[in-house]
Amino acid sequence: MPELPEVETVRRGLESVFTGSTIERVEQKRADLRFPFPEDFASRLAGRRVLALRRQAKYLIGELDDAQALVMHLGMSGSFRIDDAPLGRFHHTCLVNRAHDHVVLHFASGARVIYNDPRRFGFMLLAPRADLPLHPLFARLGVEPLGPDMSAEVLAAALAGRKAPLKTALLDQKTIAGLGNIYVCEALHRAGLSPLRAAGDLVTARGKPKRALVDLTQAIQEVLREAIEAGGSSLRDHRQTDGSLGYFQHSFRVYDREDAPCPTPGCRGQISRVGQAGRSTFFCRHCQK
DNA sequence: ACACTATCCTGCAGGC
DNA sequence: TGCCTGCAGGATAGTG
């Protein structure tokens, strides 16, 4: 489900509940999601205070007071919601127990944070914070698109010599971290670049970014910032943690708009849909070259 | 090294 | 109405 803007929206929604708060108790309703939970997951979390909640790529990372990190990934259909209504006097668990609620974090403040994930492609794990950069999930992640290291030059280094289609290369988290199917399609349209083009074409023989790659860099940052501003995109599952919907889906120019007229001013093309790497790509053949 | 495919799982839309 | 197929915002292991 969630790409960088949705995960960042979730992080912002959870931040005030997590930061500085103590996890009193964890209800873990099954032994596994995408992966088995760590041994003693619930007991290791109980009593821990959360120092900060940050995001890297599509991961949420809770920094704990025992030098561990609680790493959370939402997969395709994961979501968090906050429930801070008082618990009933005789109820030890949440009053509202929805299908696919898998984990409930009970904070000392009385608030509960509930993780729900129908497809169970998401996961949670605990790892020593200092080891995270070397952890298999993080070690090979590409540049953070809204971070200080993002630049056309860094992307040029990641794309140089690659014959894979541009769409596929951008979807690869080792090239750039946090993009998914929607925002890759949207960024390519904004930059006027064909998803079918070889990725290495955007780099000169000397390894410098061509003008097109400078435009793409800007388009990626622009679309991600606008989407975060809108609270992410709500298609099927994504909601903000207070239950409200993001609204960036109304700003899609190409995603899920097959046969619609191209929104580029003056362009008379219409949106095509093609399959790439097993997913749908939406783009305008007329103005994306 | 690189680029596909199949795969994990549930829900939903569309066709018949 | 129901059954079937395919597709969905992710990411990896395995194959060629």
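None of the values given here were measured: they were computed from a predicted structure. Residue numbers begin at 1 in each chain, while the letters A, B, ... track the order of the sequences.
Checking B:dC4, C:dC7, C:dG10 against every side-chain atom of A:E3, the shortest atom distance belongs to C:dG10. When distances run from any side-chain atom of A:T168 to the nucleotides B:dC4, C:dC7, C:dA11, the shortest one goes to B:dC4. When each of C:dA11, C:dA8, B:dA3 is scored by its nearest atom to the side-chain atoms of A:K163, the top-ranked nucleotide is B:dA3. Out of B:dA3, C:dC7, C:dA11, the shortest distance to the side chain of A:R34 is found at C:dA11. In the set C:dG10, B:dG11, C:dC7, B:dG11 carries the atom at the smallest distance from any side-chain atom of A:P118.
The shortest distance between the side-chain N/O atoms of A:R162 and the OP1/OP2 oxygens of B:dA1 is not below 4.0 Å. When the side-chain nitrogen and oxygen atoms of A:S280 are compared with OP1 and OP2 of C:dA8, one or more of them lie within a distance under 4.0 Å. Residue A:H73 has no polar side-chain atom (N or O) positioned under 4.0 Å from OP1 or OP2 of C:dG10. Within the structure, a side-chain polar atom (N or O) of A:H100 is placed less than 4.0 Å from OP1 or OP2 of B:dG11.
The distance between atom CZ of A:R279 and atom P of B:dA3, rounded to the nearest whole Å, is 17 Å. Atom CD of A:E258 and atom P of B:dG14 are 13 Å apart (whole Å). Atom CG of A:D32 and atom C1' of B:dC9 are 11 Å apart (whole Å). The distance from atom CG of A:L235 to atom P of B:dA13 is 13 Å, rounded to the nearest whole Å. Rounded to whole Å, the distance from CE on A:M76 to C1' on B:dG11 is 12 Å. If you take NE2 of A:H102 and C1' of B:dT10, they are 10 Å apart, rounded to a whole angstrom. Atoms CD (A:Q276) and P (C:dC7) sit 15 Å apart, rounded to a whole Å. Distance, A:Y59 OH to C:dG10 P: 12 Å, rounded to whole Å.
Checked against the 6.0 Å centroid threshold, A:F107 and A:F18 count as a close aromatic pair. Taking the six-membered ring for Trp, A:Y59 and A:F138 have ring centres closer than 6.0 Å.
Heavy-atom neighbours of A:E222 CD from other residues, nucleotides or ligands within 6.0 Å: above the threshold of 12. Heavy atoms of other residues, nucleotides or ligands lying less than 6.0 angstrom from NZ of A:K210 number more than 12.
Between A:Y115 and A:H102, the ring-plane angle classifies as tilted under the 30° and 60° cut-offs.
A:F123 is linked by a ring pair (Phe, Tyr, Trp, His ring centres under 6.0 Å) to A:F35, A:H73, counting only residues two or more places apart in sequence or in another chain.
Remark: A:R119, A:R120, A:F121 in residues 119-127 of chain A come within less than 4.0 Å of DNA chain B through at least one heavy atom.
With no hydrogens or angles considered, no side-chain donor-acceptor pair links A:H189 and A:Q288 at under 3.5 Å.
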